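Working notes for the structure below.
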Amino acid sequence: MQTQVAIIGGGPAGTLLSHLLANAGISSIVLERQSREHVLSRIRAGVLEWGTVETLRAAGLGERLDTEGHVHDTINIAWRGQQLLSVDTFDMVGKRMMGYGQTKIQEDLYAAADGRDQQIIFEAEDVALHDIESDRPRVTFTANGDTHEISCDYIAGCDGFHGPSRQAIPAEKRQEFLKEYPFGWLGILSETPPLPILMYANSEHGFALCSMRNPMLSRYYVQCPLTDTTDDWSDDRFWSELFARIPDAQAAQIQTGPSIEKSIAPLRSFVSEPISWGRLHLAGDAAHIVPPTGAKGLNLAVSDVHYLSQALIAQYAGDPVLLEQYGATALRRVWGAVRFSWWLTSLLHRFPDQTPFDQRAQEQELEFLNASAHAQAAMTEQYVGLPL
Ligand code: FAS
Ligand code: PHB
């Protein structure tokens with residue numbers, strides 16, 4: 001098999017990259033380990049930076065987004081039980097956010113791929129990268145018991161944290177930065193009207209987050225010990241913990257109901273450098289992971305792909321500079337989001353070894369944030385997304 005760009009990973013990064021390249025007349029083949037249905041069954045991100053919205057619209061992927069997406073223009077943080085800070089992001093920095101589930105983005109990307117006969121090979125197994133330092137790299141894989149080989153100009157590693165692409169960069173050439181948080185997020189979906197606002201909460205019981213997917217689909221999270229499993233969390237226990245962590249005024253607006261999805265995600269900050277090696281270029285979770293506190297993971301995948309697609313398009317047009325600079329360009333924005341996500345995670349969560357002093361210091365920082373427009377502006381410009 002021949003193509004210009006072999007893309008490993010059929011999640012948001014890989015499929016958006018194939019879409020942007022196709023729009024520029026550049027061919028690609030996407031290899032995805034799971035089935036299409038499995039990828040679409042994942043419940044993940046829900047908040048899009050405006051840069052992500054504009055990238056999707058410019059790529060011709062904005063139709064459903066604009067009809068079903070929910071524009072957010074406030075950041076809401078509760079603390080000490082009854083305090084609530086609300087920052088209008090548009091008044092503060094002239095930008096809004098959009099609530100639109102990652103699952104819907106993935107559906108839109110697959111539908112667009114179908115519309116252009118994009119080759120996405122699902123259930124591809126034993127994917128392996130070869131000759132990435134040559135000018136004719138290869139990818140081998142097995143599908144339906146047969147072994148196949150793709151000869152290409154470039155390989156895009158969009159295979160997430162557990163994929164093989166990052167490992168194809170020689171270990172002695174990689175520097176990995178890792179911070180693992182001593183808690184996870186237990187998330188549920190319920191077919192109930194969501195709280196009208198997206199709200200984070202710091203409480204002495206732990207972190208909570210109230211979000212949404214649509215007017216009849218709520219998304220809630222509570223921090224939980226890493227040792228917990230979903231079996232430890234009945235719906236009743238979830239709701240009572242959520243209500244213990246948010247102000248009564250917001251709890252009174254929440255309609256409970258049975259969970260239709262329940263999962264626990266670990267939290268980590270991770271960056272691997274470099275993200276380019278020979279003809280291999282990483283994008284998205286293959287290169288970095290952020291705790292979901294700052295709603296950055298999916299948005300960073302989009303910004304990486306924005307830079308990588310522009311670099312490959314320029315390369316094929318005879319200008320190699322953007323591709324040579326891709327790693328540095330993408331990582332500059334990645335580290336900005338990594339630092340912000342670490343800061344917000346450290347501010348809002350209760351750490352196992354936390355002392356009463358630590359809790360009071362967190363609450364004092366939230367008091368200062370509440371009192372200082374300058375502090376709010378600094379938080380807001382990072383939350384809505386630094387410029388691409
Ligand atoms: P993805 O992991 O989405 O996609 C990688 C793809 O590569 C997968 O489909 C995988 O099956 C495939 N793959 C892996 N190995 C392969 C192989 N050997 N061969 C072929 N294919 C292979 N972000 C937020 O902003 N907000 C959130 O609330 C949030 N919640 C999350 C919850 C969970 C449980 C997880 C895991 C992540 C969450 N994220 C969240 C982050 C998430 O949205 C990612 O940032 C986003 O999916 C990144 O997209 P990709 O880089 O495409 O990686
Ligand atoms: C979500 O809606 O899933 C969501 C919102 C904000 C976050 C993380 C997740 O920071």
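Note that the structure is a prediction, hence the values are computed from the model and not measured. One-based numbering, in listed order, for ligands and for the atoms of each. If you read the sequence from its start, that first residue is 1, and numbering goes on from there.
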- Item | Steps toward side chain to side chain contact (heavy atoms under 4.5 Å, CB included) verdict (Tyr100, His70) | CA-CA 7 Å; Tyr100 189 66; His70 175 88; over 6 Å; no
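With hydrogens and angles disregarded, no donor-acceptor distance shorter than 3.5 Å links the side chain of Thr293 to the backbone of Leu348. Checked by atom type and distance alone, the side chain of Glu149 never pairs as donor or acceptor with a backbone atom of Val139 at under 3.5 Å. Side chain of Glu32 to backbone of Gln34: a donor-acceptor contact under 3.5 angstrom is found.
At a 4.0 Å cut-off, at least one heavy atom of Arg213 sits close enough to ligand 2 to count as contact. The shell of residues lying under 4.0 angstrom from ligand 1, judged by heavy atoms, includes Arg42. Heavy-atom separations between Tyr220 and ligand 2 are all 4.0 Å or longer. For Lys296, the heavy-atom gap to ligand 1 drops under 4.0 angstrom.
Residue Arg44 has at least one heavy-atom neighbour below 4.0 Å for each of these atoms of ligand 2: 3 (O). Applying the 4.0 Å criterion to heavy atoms of Pro292 picks out, from ligand 1, the atoms 27 (C), 28 (O), 29 (C). In the vicinity of Ala265, heavy-atom distances shorter than 4.0 Å reach the ligand 1 atoms 34 (C). Interface of Val127 with ligand 1, defined as ligand atoms under 4.0 Å from a residue heavy atom, comprises 19 (N). Those atoms of ligand 1 that come under 4.0 Å of a heavy atom in Tyr221, given as number and element, are 28 (O). Near Tyr200, meaning under 4.0 Å from one of its heavy atoms, ligand 2 places the atoms 6 (C), 7 (C), 10 (O).
With a 6.0 Å radius and a threshold of 12 heavy atoms from other residues, nucleotides or ligands, Gln167 has its CD atom above the threshold. For Glu367, the CD atom sits in a packed shell: over 12 heavy atoms of surrounding residues, nucleotides or ligands are nearer than 6.0 Å.
The closest heavy-atom contact to atom 15 (N) of ligand 1, among the options Gly163, Pro291, Gly101, comes from Gly163. Checking Gly284, Ser263, Pro12 against atom 49 (O) of ligand 1, the nearest heavy atom belongs to Pro12. Of the candidates Gly14, Gly9, Ala45, Ala45 brings a heavy atom nearest to atom 23 (N) of ligand 1. Taking each of Gly187, Ala124, Pro164 in turn, the one with a heavy atom nearest to atom 17 (C) of ligand 1 proves to be Pro164. For the residues Ala286, Cys158, Ala287, Ser341, the heavy atom positioned nearest atom 5 (C) of ligand 1 is part of Cys158. Residue Arg44 holds the heavy atom nearest to atom 33 (C) of ligand 1 of all those in Arg44, Arg33, His288, Gln102.
Of all protein heavy atoms, the one lying nearest to atom 5 (C) of ligand 2 is Val47 CG2, 3.4 Å. Given atom 2 (O) of ligand 2, the protein heavy atom at minimum distance is Ser211 OG, 2.6 Å. With respect to atom 8 (C) of ligand 2, the closest heavy atom belonging to the protein is Pro292 O, 3.2 Å.
Polar contact with ligand 1: present for Ala13 (N/O pair, distance under 3.5 Å). Ligand 1 has a nitrogen or oxygen under 3.5 angstrom from a nitrogen or oxygen of Glu32. By the 3.5 Å distance cut-off applied to N or O atoms, Tyr221 is counted among the residues near ligand 2. When only interatomic distances are considered, the shortest N/O to N/O separation between Asn299 and ligand 1 does not fall below 3.5 Å. At under 3.5 Å, a nitrogen or oxygen of Gly297, whether backbone or side chain, sits near a nitrogen or oxygen of ligand 1. Between Leu298 and ligand 1, at least one pair of N/O atoms sits closer than 3.5 Å.
Contacts between Leu31 and ligand 1, counted as non-hydrogen atom pairs separated by less than 4.0 Å, involve the backbone only.
In this structure, His349 has its ring center at least 6.0 angstrom away from the ring center of Tyr181. For Phe270 and Phe177, the distance between ring centers is not under 6.0 angstrom.
By the 4.0 Å N-to-carboxylate-O rule, Lys262 lies close enough to Asp235 to be salt-bridged with it. Between Glu241 and Arg237 there is no salt bridge, since none of the side-chain N atoms of the basic residue sits less than 4.0 Å from a carboxylate O of the acidic one. We find that Glu68 and Lys104 are joined by a salt bridge, their nearest charged nitrogen and carboxylate oxygen being less than 4.0 Å apart.
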